[in-house]
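Since this is a predicted model, take the numbers as computed values, not measurements. Both counts, for ligands and for their atoms, begin at 1 and track the order of listing.
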Amino acid sequence: MGRHQINRRTAIGVIGAGAGLVPLGLVARRGWAQEPVRHDLTIQHVRFQIADAPTDTLVSAQAEGPPPVLRLKQGVPFVSTVTNRLDTFSTMHWHGIRLENGMDGVPYLTQPPFGQDESFEYRFTSADAGSYWYHPHCMTMDLMAMGLTGVLIVDEAEDPGFDSEVVLNLRDFRLRPNGEWLDLWTPRGAARGGTYGTVLTANWLSDPVYEAKAGGVTRLRLAATDTTRIYRPYVTGAAGQVIAADGHPLRVAMPWPSEAEPALLSPGQRLEMAIEMPRQEGALVDVMTDFPGGPRRLARIRAAGPDLGRALADVAPLPMNDVPEPDLENARLEEFVFGWTPEGGAPNNGFCGTLGFSFWSINRIPWPGDAASPSNPGFAPLATFKQGESVVLRLRNESPNRHPIHLHGLVFRPLRSNKRVLPSNWTDTVLLLQEETIEVALVADNPGDWAFHCHVIEHQKTGLAGFIRVLA
Ligand code: C2O
Ligand code: CU
Ligand code: CU
């Protein structure tokens, strides 16, 4: 049965319970008195030139160009009516935002997917400032590979005072030089590290140039929204400091990434840097990534205007977001193992798109698909926590591939790895290297069913997914 023959009743029929209101502290304190910020989005095809010739069938969230950068304000309500103009079903997910479960955009788990010419109104108030992003959670492989990934910025309640800002949405496209699509994924890639794109872009452009004030302090926000690629970014031509990762300010300083020791930025992750722009008008700062076969430039930033004469120390450190500290003494340990499926795997529900394979599993159970519902074998929470409980998650990768593991609705703090020293900031996505075990800690303070999956989309779509339930 094709996805278009599944009727509306089927789509809505199996929604679980659990769209309660979540009084995250800040929301209650300063959320409701203010006018909401509204940004409506329309999922649609657009024409844009990424390869040597234009492509007509890219997918954006506005009529022209890439999905817009959305700017919200910390503690101020946000409203977005998302309308779908494609002939497939969709939803929108707000990656990294700690919001009410019913607004999380996961088909069946939190809402019915919406079809052609249908809309869904999302509303939430983010208590956290920082860099986040948005993407669909139904037809995830096709829609994301074809362009539907956008950056979402929550501005600090008080302006930290940077002189300029550059936002780079980093991703690849699998296009031939003539602008036609290559296969968006391959079974070979899905069963290994994922299928890589052919054109490296920042904001859908190859090696764009942006301007920032000469002698000013620039805030650079990188978001890795690719379905597969793990970036190894660093900046040349200026001094700077890494200030935040995955939305949250660093607690412990990270070394300034360099060609010899680049940062690690896997699908789903964000990195923010404060950069001291050169004082000389016209001087260029290069944003690079280590790459198979030699470094590649992602974008350039050109110093513009008269020298502002500012230094990193002139900008105050970013305020921490208000996240509860887990009680490690009394935390419960939950183990998760990421690996192959024991056998062929469960039947895939094709409603939100299926790759037709089951290669991966969490705790040996392959997830039945984007549109998995309670009637599918394998549909059960991977773990159940009580609201307010402190938990340590032990994440063990028993496969020879790397997996950026992402949790919705909650943030966690890496405690330790059997392989390396990890940044200890709050995060929603942690990269598990080959055969790595990482322990992370969290307070389960947000009730609901929260998707938990690998952000290499081919892995997510072929079994490496599931959900964690937090009981109110
Ligand atoms: Cu970036 Cu399940 O999400
Ligand atoms: Cu997410
Ligand atoms: Cu993976």
Side-chain angles (χ1 to χ4, degrees), residues 67 90-99 101 103-111 122 124 126 128 130-141 143-144 148-152 169 171 185 189-195 223-230 246-247 266-270 336-341 352 355 357-362 366-367 369-372 395-412 427-436 438 446 448-468:
S90 197
T91 61
M92 198 60 85
H93 167 60
W94 317 93
H95 180 124
I97 302 284
R98 297 189 295 145
L99 39 55
N101 197 231
M103 296 290 120
D104 196 40
V106 180
Y108 297 95
L109 216 52
T110 72
Q111 68 164 104
Y122 293 93
F124 59 85
S126 181
D128 300 328
S131 302
Y132 303 91
W133 63 296
Y134 61 96
H135 61 80
H137 229 280
C138 172
M139 300 304 294
T140 320
M141 187 72 238
L143 297 182
M144 287 177 69
L148 193 53
T149 64
V151 176
L152 184 159
N169 176 355
R171 52 163 304 147
W185 59 277
R192 294 177 176 77
T195 306
T225 77
D226 193 56
T227 54
T228 308
R229 185 173 305 287
I230 297 168
D246 305 331
S266 63
Q269 295 195 291
R270 295 82 67 205
F336 299 87
V337 52
F338 305 92
W340 282 86
T341 69
C352 275
L355 307 195
F357 294 93
S358 211
F359 295 127
W360 299 97
S361 64
I362 303 181
W367 181 246
D370 260 0
L395 313 174
R396 183 160 65 86
N397 179 8
E398 62 171 18
S399 80
N401 298 101
R402 296 174 295 180
H403 304 287
I405 301 299
H406 169 53
L407 177 60
H408 289 211
L410 300 161
V411 292
F412 53 81
T427 176
D428 52 72
T429 307
V430 68
L431 178 64
L432 278 182
L433 301 176
Q434 295 89 336
E435 263 109 51
E436 188 176 31
I438 292 179
N446 198 358
D449 284 346
W450 300 111
F452 184 52
H453 61 87
C454 178
H455 229 291
V456 170
I457 304 302
E458 286 159 273
H459 294 175
Q460 177 194 357
K461 294 285 296 184
T462 58
L464 218 163
F467 69 96
I468 287 175

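Using modelled atom types, one side-chain atom of Tyr122 and one backbone atom of Met92 make a donor-acceptor pair closer than 3.5 Å. Gln111 places no side-chain N or O within donor-acceptor distance of the main-chain N or O of Val106, the cut-off being under 3.5 Å. In this structure, the side chain of His95 engages the main chain of Gly268 through a donor-acceptor pair within 3.5 Å.
Among heteroatoms of the N, O or S kind in His406, NE2 lies nearest the Cu ion (ligand 2). When distances from the Cu ion (ligand 2) to the N, O or S atoms of His93 are compared, NE2 comes out shortest.
Of the angles at the Cu ion (ligand 3), the one spanning ND1 of His459 and SG of Cys454 is 130° when given to 10°.
Taking every heavy atom of both residues into account, Thr110 and Asp449 meet most closely at CG2-O, 4.1 Å.
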- Item | Worked check of side chain to side chain contact (heavy atoms under 4.5 Å, CB included) between Phe359 and Thr341 | CA-CA 6 Å; Phe359 295 127; Thr341 69; 5.5 Å; no
- Task: Check step by step if ring pair (Phe, Tyr, Trp, His ring centres under 6.0 Å) holds for Trp94 and Phe124.
- Result: CA-CA 10 Å; Trp94 317 93; Phe124 59 85; 5.6 Å; yes
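Outside the 6.0 Å centre-distance limit, the rings of His403 and His453 are not counted as a close aromatic pair.
Protein atoms of type N/O/S that fall under 2.8 Å from atom 1 (Cu) of ligand 1 number 3 in this view.
Screening His455, Arg270, Gln269 against Asp428 for a side chain to side chain contact (heavy atoms under 4.5 Å, CB included) leaves a single residue, Arg270.
Contact annotation: His403 places an N, O or S atom under 2.8 Å from the Cu ion (ligand 3).
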